[in-house]
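What follows is a set of notes on a single structure, which appears directly below.
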Amino acid sequence: MSADQLSRRTLLRTVGLSAASATVVAAASPAAAAVGEAGPDGRRAPVIAVVGDSTASVYEHELRPRTGWGQALPLLTGSGASVFDYAWSGASSKSFYDAGKLDTVLQLVGEGDVLLISFGHNDEKIEDPDRGTDPDTTFPEYLRRYIDGARSVGARPVLVTPVERRRFDAFGQAGDSHGEYPRAMRELAADADVPLVDLTASSRALWQQEGPEGTRDLFLHVAPGVHPQYPDGREDDTHFQAAGALAVARLVADALVEQGIAPGGQFAARNRSIDPLAATSWPAERPVEEVRVLTVGADGDHPTVQDAVDAVPAGGLMRTLIGIRDGEHRQVVRVPAEKARISFIGLGERPEDTVLVYDNANGTPLPDGEGTYGTTGSTSTRVDAPWFEAENLTFANDFDEEAHPEISGRQAVALRLAGDFTVLRNVRCLGDQDTLYVNSPGVGVVARQYFAEARVEGDVDFIFGRGTAVFDGCEIVSRNRGEANNGYVTASSVDRSIAHGLLFDGCRFTSEAARRTVHLGRPWHPGGDPDAIAQVLVRDSQLGAHITASPWTDMSGFPWEEARFAEHHNHGPGGFVSADRPQLSPEEAAEHTVAAHLHGGDGWAPQLLGTSVDATALLSPRRRLELAGV
């Protein structure tokens, strides 16, 4: 994949799912247009937008498996439509409107789209002046504002009565928990000539069918110790876990198709078998939550990237989007561990347009003359915080080896990552030796980093460290040193207690170096640590002729055979199979997928973000910046 091809990729992509969720692969076609974007034929796929309360809301990863039915709805769509869920936990028709949330939705939907309007749970809280409405007066008055708003932008409004809670009487009969509010919605639908999905009635019928015990698996009834997010367990008769959200989403999809509101092709997967726990996308934060927006560069809020990082409060829970304008930003950047949830977004058309760069090396003297920077200290951009994201920019270290023959320590890190839940899309990492340092907070501590459609360049050990890093559809470029040994791609040092280290899936390994002069990797044992057992898997990738016939080699007296090196189904002139190239068995391959490397026990699945199963994709970081006037 060339740099030009990468630059034409949109930030949001509709791609196939991983092996762990193969049951819904057909619902996420790679050929489909990105959410909210025009496809190859110039037409934009319709968007089904959802506004409502917590029962419909998207939930963040830290609350998995809690799931709203709007979050599960995209699991049922085909390439003919996408879902955008902007439901807000705790909202009523009044509070959602008064907070201006509808205005955001109306900026994102338009002609041919559908707006599903589902309130009631919190409108019933009449003692709360900010949320309570009257079913005969203020409730329908507020709902009309949604109807009129949708029609004003060419979207079709659909009223959805509130889903029932899990309420059973002593005789096992599913009960009514919403009083007059569903009746008020039915009357308004008839009066305003608006389609109605009677989810109150259909969900009560489903609860009755499943009974008091069967519904426990649909609602958020979680035993202690099953999910890391709920170590003490949870019993909630209002909100759903993934299976329940999907069951309710099927009720909604069935009603939309049966009433002719949506053609069957828009819900092509509604009758398919789906594993909702594997297939659902839980984002880092809910789309309806506020974000902090900062800009760097000419006419920006801050003159430098570091100034912007310094302006972010420590310990905050809000996502900070730092939009970085075109040009070379030459300075050392540090994102400390206490500043989580920061995103770097390049504002140019291509990642080449925005470059974060510096030129320190391991052996570069410190300003005070007391020693040198060392490998870690040479880093141009260092991120120790979790939940870091970056898109559409370049991280580089342009230390000039030829200009500094006096410096023997030539390790020069462009980007060092040590935080968990890191996502980088459409970025470039450029350097020579030790370009990309994928690390963790400590030995034996897991830190997961996900790279999608990235380009990493270097020559010696240029992807190294003890982190669990996945490279999905990336280009790995070995620079030509003009030597018989043109270097090593990886130097993993993951602790033996950690099952997953470096994974390259669907990547292209390219180089202008001579044939058979580059190794895939060697085992790095920092300080001679015998428990740093490298783990590297290259699978389903194209290997150029520069890769040696025996691609794994020893390091510092540690034999490569004792490391965890393997390949699987590689191709290209450097991808042949031989006796000294360990291959995964089919059973092992099933355990070493993108999903398995990132799962980590808590189910993190960043590879689903931006795909057709992601109900947050329409409000991408770049779109948020645009809405903020950046």
Side-chain angles (χ1 to χ4, degrees), residues 375 411 413 417 429 431-440 449 451 454 456-472 474-481 483-496 498-511 513 516-526 529-570 572 574-584 588 592 597:
T375 299
Q411 298 92 331
V413 181
L417 303 168
C429 297
D432 288 316
Q433 183 171 353
D434 290 11
T435 303
L436 175 59
Y437 193 171
V438 287
N439 208 34
S440 74
Q449 295 112 16
F451 293 79
V456 186
E457 295 185 15
D459 50 33
V460 174
D461 304 333
F462 63 94
I463 301 174
F464 74 109
R466 63 180 178 234
T468 296
V470 169
F471 298 85
D472 190 357
C474 298
E475 184 170 15
I476 311 301
V477 183
S478 293
R479 291 183 171 179
N480 185 11
R481 300 193 299 170
E483 300 177 11
N485 177 0
N486 271 308
Y488 318 88
V489 176
T490 67
S492 170
S493 61
V494 66
D495 189 79
R496 69 165 68 244
I498 297 174
H500 301 114
L502 306 181
L503 170 63
F504 299 86
D505 191 340
C507 296
R508 288 185 61 206
F509 289 73
T510 64
S511 181
R516 308 286 183 250
T517 60
V518 175
H519 291 85
L520 284 176
R522 54 183 182 168
W524 179 35
H525 292 257
D529 180 2
D531 292 325
I533 308 298
Q535 196 278 321
V536 182
L537 169 61
V538 180
R539 64 174 298 163
D540 301 295
S541 295
Q542 180 177 344
L543 307 186
H546 62 293
I547 300 298
T548 62
S550 299
W552 312 104
T553 190
D554 304 341
M555 184 177 187
S556 301
F558 289 92
W560 72 264
E561 292 89 348
E562 295 179 0
R564 294 172 286 178
F565 292 141
E567 297 179 66
H568 182 70
H569 285 175
N570 293 323
F576 57 87
V577 177
S578 66
D580 55 357
R581 301 183 73 152
Q583 303 290 315
L584 295 185
E588 290 171 328
H592 286 274
H597 273 246

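A heavy-atom distance below 4.5 Å is found between the side chains of I476 and F504. The closest side-chain heavy-atom distance from E562 to I533 is not below 4.5 Å. Put simply, the side chain of H519 reaches to within 4.5 Å of the side chain of N485, judged on heavy atoms. With a 4.5 Å cut-off on side-chain heavy atoms, V577 and Q583 count as touching.
Atoms CD and CD, on Q542 and E475 in that order, are 9.5 Å from each other to the nearest 0.5 Å. To the nearest 0.5 Å, atoms CH2 (W560) and CZ (F565) are separated by 8.5 Å. With rounding to the nearest 0.5 angstrom, the OG atom of S550 is 11.0 Å from the CG atom of L520. Interatomic distance, D580 CG to T553 OG1, rounded to the nearest 0.5 Å: 10.5 Å. Taking NE2 from H592 and NE2 from H597, the interatomic distance works out to 5.5 Å, rounded to the nearest 0.5 Å. Rounding to the nearest 0.5 angstrom, the gap separating the CZ atom in F462 from the OG atom in S478 is 4.0 Å.
Between Q411 and T375, the closest heavy-atom pair is CB-OG1, 3.7 Å.
Under a 4.0 Å N-O distance rule, the pair R496/D531 qualifies as a salt bridge. A salt bridge is absent between D495 and R466; no separation between the charged side-chain nitrogens and carboxylate oxygens falls under 4.0 Å.
Taking the six-membered ring where the residue is Trp, F471 and F451 present parallel rings, their angle staying beneath 30° rather than reaching 60°.
Side-chain atoms of H569 do not come within 3.5 Å of backbone N or O of D540 as any donor-acceptor pair. Formation of a donor-acceptor pair under 3.5 Å by the D505 side chain with backbone atoms of V470 is not found in this model. R516 contributes a side-chain N or O that, together with a main-chain N or O of I547, makes up a donor-acceptor pair within less than 3.5 Å.
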